[in-house]
Amino acid sequence: MGILAGCGSNSNSGSANTGSNAGSNAADSSDASESTAAGTESTGNIDTADLAGTQITMLNSKGEIQTALEDMAEAFKEETGIELEVQACGTGKSPYTRVTSAYNSGTAPTMAILDTTDVVALASQYAVDLSDEEWVKECVNQTTQVDGKVYSFPC
């Protein structure tokens, strides 16, 4: 199953609440410092030592951010040991078609950056229900819901 990042505008999406996120990031930074000092690599509340060598793929439908995502993926790998492959959708290609083709061929990405309409079309068949995630309560009206379940996170 994949996780879909819904980008776009409709009644189920909106702008990020940076005030709430700033407090969370500060707490996560102190947790990471304490874990690193104790000899365990950590990013936020996740122990990355056990995840080194993990491979994640992400379909990027936004060509204008491809280089930045690749740079961040490299920094993420250096920090965590987790490999993030950023797959470009391709200019003029349909992200919806790319995702469905990838599922049909058994090569589906772990995550995909999609427009909200694509999230709605793909969610019930291909996506993971994210409704119980802690961050959802901080993102009211910023996620895409299908049948009352959250299938995206704001980007």
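Throughout, numbering of the chain's residues begins at 1 and tracks the sequence. FYI, side chains are in, hydrogens and waters are out, and symmetry mates aren't considered; it's all heavy atoms of this structure.
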Tell me, please, which residues at least two apart from E70 pass side chain to side chain contact (heavy atoms under 4.5 Å, CB included). Q66, V86

Is there a salt bridge (Lys or Arg N to Asp or Glu O under 4.0 Å) between K149 and D132 once you walk through the steps? CA-CA 9 Å; K149 296 177 183 176; D132 293 331; over 6 Å; no

Linking I/L/V/M/F/W/Y whenever any side-chain heavy atoms sit under 4.5 Å apart, do I82 and M72 land together? no

Heavy atoms from other residues, nucleotides or ligands near CD of E134 exceed 12 (cutoff 6.0 Å): no

Counting only heavy atoms from other residues, nucleotides and ligands, does the tally under 6.0 Å from CG of D147 exceed 12? no

Can you name the closest pair of heavy atoms from [X] and [Y] and give their distance?
{"X": "L84", "Y": "F76", "result": "CB-CD2, 4.4 Å"}
{"X": "Y96", "Y": "L122", "result": "CE1-CD2, 3.4 Å"}
{"X": "R98", "Y": "A88", "result": "NH1-O, 2.7 Å"}
{"X": "D118", "Y": "L114", "result": "CB-CB, 3.9 Å"}

Under the criterion side-chain contact (heavy atoms from CB on, under 4.5 Å), I'd like the reasoning laid out for I113 against L69: C-alpha separation, chi angles, the key distance, then a yes or no. CA-CA 11 Å; I113 298 175; L69 287 174; 4.0 Å; yes

Side-chain heavy-atom pair [X], [Y] within 4.5 angstrom cut-off:
{"X": "N60", "Y": "C89", "answer": "no"}
{"X": "D115", "Y": "K62", "answer": "yes"}
{"X": "W135", "Y": "L130", "answer": "yes"}

Do the side chain of [X] and the main chain of [Y] share a donor and acceptor less than 3.5 angstrom apart?
{"X": "Y103", "Y": "Y126", "answer": "yes"}
{"X": "S152", "Y": "T144", "answer": "yes"}
{"X": "T57", "Y": "T110", "answer": "yes"}

From [atom1] ([X]) to [atom2] ([Y]), nearest 0.5 Å:
{"X": "S101", "Y": "K93", "atom1": "OG", "atom2": "NZ", "result": "10.0 Å"}
{"X": "T80", "Y": "L51", "atom1": "OG1", "atom2": "CG", "result": "8.0 Å"}
{"X": "Q87", "Y": "E85", "atom1": "CD", "atom2": "CD", "result": "4.5 Å"}

Quick one: do the S131 and D129 side chains pair a donor with an acceptor below 3.5 Å? yes

